[in-house]
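Notes follow the structure.
Just follow the structure's listing: the first ligand is 1, and inside any ligand the first atom is 1. Values reported hereafter were calculated over all heavy atoms of this structure, with side chains retained and with hydrogens, waters and symmetry mates removed.
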Amino acid sequence: MKKIFFTVGPSQLYPTVVGHIKKALKKNIPSISHRGDQFMKIYEETCQSLKRLLAIPKNYHIFFLGSSLESMERILQNCADKHSFHFIDGAFSQKLYQFSEKLGLKPEKVEIIPEVGFDFAKVKIPKKTELICLTHNETSSGMVIPVKEIYRLRKKYPKKLIAVDIVSSAPYLHLDFSKVDAAFFSGQKGFGLPAGLGVLIVSDRAVKKAKNVGTYHNFASLLKYELKNQSPETPNVLTIYLLGEVTKDMLKKGIAKIRKETEEKAKLIYDFFDKNKENKPFIQEKRFRSSTTIVINIKNGSKKVLKKLKTHGIVVGSGYGENKEKQIRIANFPSHSKQAVQKLLKFF
Ligand SMILES: *Cc1c(COP(=O)(O)O)cnc(C)c1O
């Protein structure tokens, strides 16, 4: 049976992906050399399209890595000697904090209770902090940090580097990249691609300040190859190609339209569950509600609901961690049509 995947990643493929895979096979993309002209052109075009779609400044660098967990590790190794500071609003921001500890840094944190909200203006970040880390869209809790809070940090702490996890909000989020030093996402979330590609966007100042810890994937090594439209290792050529093609499709559609549609679908979902007697949105305060990964408390447990949805050909995510059976998580990516969302809501 053909299924619709509302899971938060991997998720529903972007509608054009199957066609692009077929075309890639015809063009022998999986066999071409990662040092040849054809690949270098793919690399260059993918970066150019991404920069246009997301309005990334020209002097920012784009590195292709294995995953977003890898991006997290590379940012910590390259952007801080000792002192990172973390806003924790769920499992992924927590993971980054733990990575920092494991790498021998001395991270500090402020903990947010996602369902309640938070006064960002009150946070005091220590003088010694080199790197501030935020998760724009916490996929585990469905909390979003408004970008203006990130800009406020930039203004207050202009010398510190800022890293933002945009894994489950790109390409929807509207971020002024000139106000951050590192941002990263994975293909299998909002871009609707197969898993196995991490994209790390870094400012020139972050590259210049880089500590270059590690081997082939330290920033100096990544930069050296990026300047040749290559990567140090044999990369995920096929998915880099697919990312380029899907990004071009999104450019044709227009990012404004993608954002508007995302907001309309999110409103449908939130309005529906705000009125639902049994199942309610987890995040209370509207400005902290994610538009792309929506978490709903399920009164009678998620297990039965997920099973029943499956018989209708709809796959939805369970809650994360300890909320596995108490919640469901609904992805609202550009791959999800309004009709599919309506079909999902009809079930409830
Ligand atoms: C999925 C996800 C990650 C990890 O991505 P991988 O590609 O699995 O490494 C990190 N942060 C957030 C917010 C995510 O949703």
Side-chain angles (χ1 to χ4, degrees), residues 5-14 50 62-77 84 86-100 102-103 109 112 114 131-147 149-150 162-173 175 180 182-201 217 235-236 238-240 242-243 246 262 282-283 288-295 315-321 323-324 327-336:
F5 287 86
F6 280 101
T7 36
V8 293
S11 192
Q12 184 71 15
L13 290 180
Y14 195 69
L50 273 176
I62 299 180
F63 301 143
F64 295 112
L65 308 179
S67 69
S68 285
L69 292 191
E70 193 196 346
S71 292
M72 291 181 181
E73 188 171 286
R74 299 301 164 244
I75 289 168
L76 291 166
Q77 286 174 323
S84 59
H86 303 255
F87 288 82
I88 312 280
D89 53 348
F92 288 101
S93 39
Q94 181 72 22
K95 212 181 249 312
L96 187 55
Y97 174 83
Q98 287 164 347
F99 280 12
S100 184
K102 281 186 183 160
L103 288 170
K109 62 180 169 180
I112 298 168
L131 172 70
I132 304 171
C133 302
L134 304 110
T135 303
H136 172 255
N137 189 84
E138 228 330 325
T139 318
S140 64
S141 64
M143 177 176 175
V144 75
I145 296 178
V147 288
E149 303 296 351
I150 300 171
I162 296 182
V164 192
D165 175 332
I166 58 168
V167 180
S168 54
S169 49
Y172 160 73
L173 96 157
L175 176 67
V180 305
F184 55 95
F185 66 86
S186 300
Q188 77 275 14
K189 310 252 166 133
F191 281 84
L193 294 167
L197 181 67
V199 179
L200 172 59
I201 300 150
H217 269 183
N236 189 336
L238 177 60
T239 312
I240 294 171
L242 295 174
L243 174 63
V246 164
T262 303
F282 176 55
I283 304 293
F288 295 125
R289 281 183 173 177
S290 165
S291 295
T292 51
T293 60
I294 297 171
V295 177
V315 190
V316 168
S318 63
Y320 193 95
N323 290 321
K324 187 175 169 69
Q327 299 178 336
I328 59 168
R329 290 179 300 155
I330 303 168
N332 175 31
F333 295 147
S335 318
H336 298 107

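Here V167 has side-chain heavy atoms under 4.0 Å from ligand 1, and that is the only part of it that gets that close. Heavy atoms of K95 found under 4.0 angstrom from ligand 1: none, in either backbone or side chain.
Residue S186 has at least one N or O atom closer than 3.5 Å to an N or O atom of ligand 1.
By the 30° and 60° cut-offs, the orientation of the rings of F191 relative to F185 is parallel.
In this comparison of S140, S68, G66, S93, the heavy atom closest to atom 4 (C) of ligand 1 sits on S68. In the candidate list K189, M72, H136, K189 is nearest to atom 14 (C) of ligand 1, counting heavy atoms.
Under a 4.0 angstrom heavy-atom cut-off, T293 registers as lying outside contact with ligand 1. Distances from ligand 1 to the non-hydrogen atoms of E138 include no value under 4.0 Å.
The single protein non-hydrogen atom nearest to atom 15 (O) of ligand 1 is T139 OG1, 2.4 Å, given as residue, atom name and distance.
Using a 3.5 Å distance cut-off with no hydrogens or angles, the side chains of N137 and T293 do pair a donor with an acceptor.
Below 4.0 Å from some heavy atom of S67 lie the following atoms of ligand 1, by number and element: 7 (O), 9 (O).
In this structure, K95 is not positioned above the aromatic face of Y320 in the sense of NZ or CZ being under 6.0 Å from the six-membered ring centre and within 45° of the axis.
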